[in-house]
Structure formats: C-alpha cells, structure tokens
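Reviewing the structure listed below.
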Amino acid sequence: MSIVIATWNVNSIRARMAHALAFLEARQPDVLLLQELKGLEFPALEFEALGYHSVAIGQKSYNGVAILSKLPIEMVTNKLAGSDEDTHARYIETIIDTPTKLRVVCIYLPNGNPVGTDKFLYKLQWMERLIVQMAAWKNDPIPTIIGGDFNVIPEDIDCDKPANWLRDALFQPETRDRYRAMLAMGWTDAFRALYPDTRDAFTFWDYFRQAFERNRGIRIDHFLLSPALAPRLQACEIDKTPRAQEKPSDHTPVLVTLN
DNA sequence: ATGTCAATATACTATTGA
C-alpha cells in the first residue's frame, strides 16, 4: 500500500491545461500539487472528471496554488501564519485521508529577485514564517509533507554551474541557510536523501539559450518530509517528459512515493 | 548584457514577473 504525490509549477494553468491532463493520465498520482496558476479561475470540473477533488487559491495574474487528490481532502488554511499583510496566493495546507491522516502542504515560495530589494526581504521573511510552522509540526502526531516550488538551490550540485547563479536570490547564502535550517530541524529532502551524490538532476530550465536541451538547469522543486514521515520514503523521481513537450512549463514534475 | 514565455493594460505593442 503506497501513495504517490507529485508537485509541478505549471506556469499558468490556463496555458498548461492539456499538459496537466496528459500528466495525470500518464502517471495517475494520488495527489498533485500545482503552483503558479496565474489567474483567478481554476478548472476544478475538468479535474473532477478525471477523479480528482481539488482545493485552490488563486490570484489575478500572479502566483496561485492548488492541490488535487483522488483521496478525500480537507482544506485547513490557505494562509501561511505570521503576517497580516501578506495577500499572495502561495500556500495551501490540507489533511488527506490516505486512509491514515497525512498533512499535505503546497507552497510557492517567493522568488526573491532581484537581491537587495524588498522582494528578497519578503522571500527571507516568508521562509522564517515557514520555519516557525515547521517547528510546530515537527512533533505533531499527524505526519507532514511539504511540496512545491521552493525557489531554493540547496547545494552547488543542484545547479549546472554555481558561477551562473551567484547573484540570484535562489542561490544566496541567506536563502540556502534557511533551507538548511529546515533540514537541521530533522526534515528530509526526499530526492537528495535517496540520491545524495546525483548531479545534473534538475526541475527547472530557463526558456532561453536552449537551457533544457543543454541541461543547464536547477533543482528548486522539493518535497520535505517530517521526521515521522521520512522512514516511509520509498522513491522520488523527476519526470522530464512534460518539459520536453511543445509549449512546456519551465518546470517539470517531481513525484514521491510513500508507503 | 543577453535570452523566452505568460498575463495584462498601455491593447496588432509595452511592461512586469519569472
């Protein structure tokens, strides 16, 4: 008895609907986390026709996240605690009956570029708020999985060439320190735990300069497992198929299998 | 500095965010 959870930044659900439906048909994950919906409308009925319930929080033009689930799903909140001013649609927290309860959290962590602006400070503050939440969940009886676009390049081996990313918010020491603080608390990076030395395993490639064809990418879409959940990690796979199709998202899906 | 894509307003083009 195992459960498969996938995450994918689709870069507009409207533009990527055919890709999303094809991915669900091909891989049949039990749960799919989506980021960067880029609109207020969410096509819940089309996903329901494939047997997926959904919860979504949209925003005009930017951001937006959703969770699709074949299993019963209950929305807990769509706001990350710790700020009254933050109106971005970047967070959904749910409980899914697997049939034992599992806390499934979908995040679209702020990009933070350019460094030295309010955007970068917002990113760091958002990470601080998430860390506070993760500390609270660490000892909760319900195991937790956090998946999504973290906009963090954790280590040098998670990019094609560190020199290309030195000025990028995704690669700053402040950013990486906060990600490492999450791991230091006892959370597990699912992909890296299974493949500690694997290089050139990326989840995002820029649209320009034939970055995908040359595999000049970064690994920024992650699954973090709470200490109680980590022993149930079975597999983690980056599926590059959707990125190779016509008019793709710049990200490709990651799938994790839990027993 | 460059490059590409998607959404939107400024609307057969420019701006913004990524």
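Here the structure is a predicted model, which is why all the values come from computation and not from measurement. Chain naming here is simple, since letters A, B, ... match the order of the sequence lines and numbering starts at 1 in each.
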Atom [atom1] of [X] and atom [atom2] of [N]: how far apart are they, to the nearest Å?
| X | N | atom1 | atom2 | value |
| --- | --- | --- | --- | --- |
| E213(A) | dG3(B) | CD | P | 17 Å |
| E36(A) | dA6(B) | CD | C1' | 9 Å |
| L40(A) | dT8(B) | CG | C1' | 13 Å |
| R167(A) | dA1(B) | CZ | P | 10 Å |
| N11(A) | dT16(B) | CG | P | 19 Å |
| E246(A) | dT4(B) | CD | P | 16 Å |
| H88(A) | dA18(B) | NE2 | P | 8 Å |
| I220(A) | dA18(B) | CD1 | P | 12 Å |

Check whether any side-chain nitrogen or oxygen of [X] sits under 4.0 Å from OP1 or OP2 of [N], and answer yes or no.
| X | N | value |
| --- | --- | --- |
| K38(A) | dT8(B) | no |
| K60(A) | dT8(B) | no |
| R16(A) | dA7(B) | no |

**Prompt:** Quick one: which of D189(A), D149(A), D156(A) gives a salt bridge (charged side-chain N to carboxylate O under 4.0 Å, His left out) with R219(A)?
**Reply:**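 Single salt bridge (charged side-chain N to carboxylate O under 4.0 Å, His left out) partner of R219(A) among D189(A), D149(A), D156(A): D189(A).
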**Request:** Can you spot which of K79(A), Q125(A), R129(A) makes a side-chain hydrogen bond (donor to acceptor under 3.5 Å, both in side chains) with D86(A)?
**Result:**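 Single side-chain hydrogen bond (donor to acceptor under 3.5 Å, both in side chains) partner of D86(A) among K79(A), Q125(A), R129(A): R129(A).
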**Message:** Taking only the P atom of each, what is the distance from dT10(B) to dG17(B) in whole angstrom?
**Reply:**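 Result for the P pair: 15 Å, nearest Å.
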**Prompt:** So what does F212(A) hit on the nucleic acid, given a heavy-atom distance under 4.0 Å: a base, only sugar-phosphate, or nothing?
**Reply:**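 Nothing, no nucleic acid heavy atom in range.
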**Prompt:** Can you find a side-chain donor-acceptor pair between D160(A) and W165(A) that sits under 3.5 Å?
**Reply:**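 Yes, W165(A) and D160(A) have a side-chain donor paired with an acceptor closer than 3.5 Å.
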**Prompt:** Does the ring centre of W205(A) sit less than 6.0 Å away from the ring centre of F212(A)?
**Reply:**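 Between F212(A) and W205(A), the centre distance is under 6.0 Å.
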